[in-house]
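Take a look at the structure set out below.
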There are 2 protein chains.
Amino acid sequence: MYVNMPRPTKQSPERGDARTRLLEAARDVIRRKGFAATSVDDICQSAGVTKGAFFHHFKTKEALGVAAAKYWAETTGTLFASAPYHAPDDPLDRVLAYLDFRKAIIGGETYEYTCLVGTMTQEVHDTAPAIRDACADSILGHAATLEADIEAARAQRGVDANWTAASLARHTQAVLQGGFILAKATGDADMAREGVDHLIRYVRALFCLDDESAISTTREN
Amino acid sequence: MYVNMPRPTKQSPERGDARTRLLEAARDVIRRKGFAATSVDDICQSAGVTKGAFFHHFKTKEALGVAAAKYWAETTGTLFASAPYHAPDDPLDRVLAYLDFRKAIIGGETYEYTCLVGTMTQEVHDTAPAIRDACADSILGHAATLEADIEAARAQRGVDANWTAASLARHTQAVLQGGFILAKATGDADMAREGVDHLIRYVRALFCLDDESAISTTREN
DNA sequence: TGACATACATACAATACGGTCGGTATCTTG
DNA sequence: CAAGATACCGACCGTATTGTATGTATGTCA
């Protein structure tokens, strides 16, 4: 298959069609089976290319892992940058809208909503530093995009906190990652959504919004 | 090595010395390298036994994974059952003492404090249902040991909650699992402890203990 | 159009891996 | 002590896996 597919014109030398297909295949297959259990052949077959193409674009399997983590950071970065949760004027509303958005995009098959870099981190943190660092950049880089809104909300509301915006931002990612593990363990996406609900309740409590009934009744997706 | 070690008397047929050594080796090696990247030879070498012993005690590598998850559930079960956090008379104090305990035992090398079954779940959830189910039993079984105290605290304090004790108990595990991922990504155990601090603050808020300064200043380990 | 770089495909090499098998030592039981 | 069961050893087998070497088609550019 794919034998006589028209090859796209290569204007950008570093972004061939096969390369992107390999990265997207890696993203999905690794989220299903994990990094180590995913063979190069698996990825090639899923991408519809041969091993020659794979090793033309990536020097080693580990190099693919690094590239996949960076690709993940890029694509999710643009997804979240263009998401609607930045609209509210109130910074706290933006933070809560972010959490609603995160909850809303949880659904479908496990491999569709879980986090590639969280999965890879667990596996390679002690054996493949290059992949681990790329994963850490992705997770912490995304967390950093929340800091400004959190800090602005804290300043605006005059909350005298003994936590930092950076720490709370990281905590949101930890809750999501932990929720994904419970969802994988049970096969139930609600396990991940449940954690976001607790997180929303926590953030509201931190900012002294005591209306608990607003959660999981008014917000639907 | 280990060639002339005295073999223990086999009173319990199902608990030979090699079997236990294999399970403990698997526990530590898998926490370092992950399940798929850990070879049977790796485990045998770490345990100081041969492959013959391995396949005598475990039919397949997957069977070892299931046994390792059950062994993890057993050993951590007795650890937590005999831990001092059950002492307080007040159920909420027991819950908070549990969280302090969880925070206190985070430290040392990553493979020493992270969760075996959380790690394995991420990898095999879609490919090895038997392992996944054993991991789910371990995580949810441990969460269930918290439910009674949480529910007792809720009833005693008259908290009109729109969350369930089971859900909050699961959330504690999700926060821990997520913290482990951040700790692995950064190599910093504080990332995991930080999440527990947020969780403690959340639980205190749920039960209307508004003294935030108590955290991370009065509690040391 | 010719020369070259890029983008693949295919076959193959080296080895790592899970699992098997025959054998031996030790324990249990009568 | 006899005899079977259990525990363990270590060589071996077939396959899967990563990576390489070579060939070929296509685009680029002077």
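Reminder, nothing fancy here: chain letters follow the sequence lines and each chain counts from 1. These figures come from a predicted structure and were not determined experimentally.
For B:Lys51, taking side-chain heavy atoms from C-beta onward, the closest of the listed nucleotides C:dG18, D:dG10, D:dT18 is C:dG18. For B:Phe55, taking side-chain heavy atoms from C-beta onward, the closest of the listed nucleotides D:dG19, D:dT17, C:dG19 is C:dG19. The side chain of A:Val40 approaches D:dT18 more closely than any other nucleotide in the set C:dG18, D:dT18, C:dT6. Of the candidate nucleotides D:dC9, C:dT10, D:dT18, C:dT10 has the atom nearest to the side chain of A:Thr50.
In the displayed structure, B:Glu109 atom CD is contacted under 6.0 Å by at most 12 heavy atoms of other residues, nucleotides or ligands.
Within the 4.0 Å cut-off from OP1 or OP2 of D:dC8, not a single side-chain nitrogen or oxygen of B:His56 is found. Between B:His57 and the phosphate of D:dC8, there is a side-chain N or O to OP1/OP2 separation shorter than 4.0 Å.
At distances below 3.5 Å, not a single donor-acceptor pair connects side-chain atoms of A:Gln173 with backbone N or O atoms of A:Ile139.
Atom-to-atom, NZ of B:Lys59 to C1' of C:dT20 comes out at 13 Å; the value is rounded to the nearest Å. Between the P atom of D:dC8 and the CZ atom of B:Phe58 lies a distance of 11 Å, rounded to the nearest Å. The distance between atom NZ of A:Lys33 and atom P of D:dA16, rounded to the nearest whole Å, is 12 Å. Rounding to whole angstrom units, CZ of residue B:Phe54 and C1' of D:dA7 are separated by 16 Å. Following rounding to the nearest Å, B:Asp17 (CG) and D:dC8 (P) show an atom-to-atom distance of 7 Å. One can place NZ of A:Lys61 at 12 Å from C1' of D:dA16, the figure rounded to the nearest angstrom. Between the C1' atom of D:dC8 and the CD atom of B:Gln45 lies a distance of 18 Å, rounded to the nearest Å.
Nucleotides of DNA chain D nearest to A:Asp41 and B:Ala53 differ in position, and the one nearer the 5' end is that of B:Ala53. Summary of the strand contacts: A:Ala37 and A:Gly52 both lie near DNA chain D, and taking for each the nucleotide with the nearest heavy atom, the more 5' one is attributed to A:Ala37.
Cation-pi contact between B:Lys61 and B:Phe54: absent, since separation from the ring centre below 6.0 Å together with deviation from the ring axis within 45° is not met.
Between A:Tyr202 and B:His198, the ring-plane angle classifies as perpendicular under the 30° and 60° cut-offs.
You'll find the side chain of A:Asp126 stays beyond 4.5 Å of the side chain of B:Tyr111, heavy atoms only.
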